[in-house]
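All values derive from a computational prediction rather than experimental measurement. To find a chain, count down the sequence lines: A is the first, B the second, and so on, and within it residues start at 1. Because only heavy atoms are used, hydrogens play no part in the values below, and waters and symmetry mates are left out as well, while side chains stay in.
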2 protein chains.
Amino acid sequence: MDATRSRPEDGPGSAFLLAALGAYAAGRFTERIAALDLTPPQTGLLRIVAANPGQSQQALAGRLGTPPSRLVALIDSLADRGLLERRRNPDDRRLHALYVTPAGERLLHRVAQVGRAHDDAIFGSLTTDERGTLRALLARVADAHGLTPGVHPGFRRL
Amino acid sequence: MDATRSRPEDGPGSAFLLAALGAYAAGRFTERIAALDLTPPQTGLLRIVAANPGQSQQALAGRLGTPPSRLVALIDSLADRGLLERRRNPDDRRLHALYVTPAGERLLHRVAQVGRAHDDAIFGSLTTDERGTLRALLARVADAHGLTPGVHPGFRRL
DNA sequence: TATTGTTATACTCTATAACTATA
DNA sequence: TATAGTTATAGAGTATAACAATA
């Protein structure tokens, strides 16, 4: 319509594509783990507790960038199912150290299986080499922005 | 800890990295367009109306995968600012054809500028060639899954 | 009777801040 | 008094379904 402008409406940029594809992948993953009766926040919490056992709820909230009050119901939902455990610290009975139970560990193994199937579904149209290239580029971008590996920035709003 | 297992907890997969990075990029973009007094849904709506002028709200809702009722307040917020316009169809007075006003077009140009700055900020750590490679790979993955270009799949939940 | 857009209602999720128990 | 965790309250955003206007 307007050839005089340098880039007249040539569509959204790469960051938009990245965001759109990321949201799509997140949506599909949400569907998959629903079969395990897990939501994304529950899954993220389970994973981070497994990676950092014995942390207090405050420490966890700080790491996740979420208010501590939000964690209460989230932990409850997992503890009620015997996947997570609160243990009081005898030295300071205010603190609740968090641990994944054996049942939680077993569920995490199934989550990992789901994650691999999910990866294959998302990147099935790429060759193994291309997947490696893509992952390396994404990892570099994530690193450049200081993203904590394994922590979803949208935890605070998912 | 357990070297007998094939891939014992080697961290989240590439799809998780993609989702995390996409959410990060989306968050940063949200901050940028806040300076233009726009939210992501408003921006998406403005863009899709510009790309498909004269559509009815029902048609738009179908394209976006959102209930028509949700569009009402969204359109109101843009129409009140003179960025979007409802025009009744004289042949069928139930339909409201949607158009971007000149003021809306001007704002969209500023959104495009913001988008380019955003792209540069997100991918600043990559060379021009690497950015091209990344974009091409992302575009292929998006295409393989039938994502509508320019439409954020999370529109229905943003 | 069917369809477009609108409004009303209820539900989910979240952050803020008050509260309790421990220190 | 200060801190860890919890509960209470209120706000934003959403989908569902009822509604009014038009066909």
Could you state the atom-to-atom distance from NE2 of His96(B) to C1' of dA23(D) in whole Å? 14 Å
Once you apply a heavy-atom cut-off of 4.0 Å, does Gln58(A) come out as touching a base, just sugar-phosphate, or nothing? base
Which of dA4(D), dA15(D), dT4(C) is nearest the side chain of Leu95(A)? It is dA4(D)
Whole angstrom is fine here: how far is it from CG in Asp80(B) over to P in dT6(C)? 12 Å
State whether the side chain of Arg81(A) and the backbone N or O of Asp37(A) hold a donor-acceptor pair below 3.5 Å, judged by distance alone. yes
Nearest to the side chain of Val72(B), heavy atoms from C-beta on, is which of dT6(C), dA15(C), dT6(D)? dT6(C)
Reading nucleotides 17-23 of chain C from 5' to 3' and marking B where a protein heavy atom lies under 4.0 Å of the base, S where only the sugar-phosphate is that close, and - otherwise, the string is B----BS
Spacing of Leu74(A) atom CG relative to dC13(C) atom C1', expressed in whole Å: 12 Å
Please list, chain by chain and in numerical order, all residues satisfying side-chain hydrogen bond (donor to acceptor under 3.5 Å, both in side chains) with Thr43(A), sequence neighbours excluded. none
Evaluate whether atom CZ of Arg110(A) has more than 12 neighbouring non-hydrogen atoms of other residues, nucleotides or ligands under 6.0 angstrom away. no
Is any side-chain heavy atom of Arg87(A) less than 4.5 Å from a side-chain heavy atom of His96(A)? no
CG on Leu98(B) to CG on Asn52(B), rounded to 0.5 Å: 11.0 Å
Among Leu74(A), Leu71(A), Thr148(A), find the one that has a side-chain contact (heavy atoms from CB on, under 4.5 Å) with Leu64(A). Leu71(A)
With respect to the phosphate group of dA4(D), does any side-chain polar atom (N or O) of Arg86(A) fall under 4.0 Å of OP1 or OP2? no
Under 4.0 Å: is that the gap between some side-chain N or O of Arg70(B) and OP1 or OP2 of dT7(C)? no
Rounded to the nearest Å, what distance is computed from the CG atom of residue Leu45(A) to the P atom of nucleotide dC13(C)? 15 Å
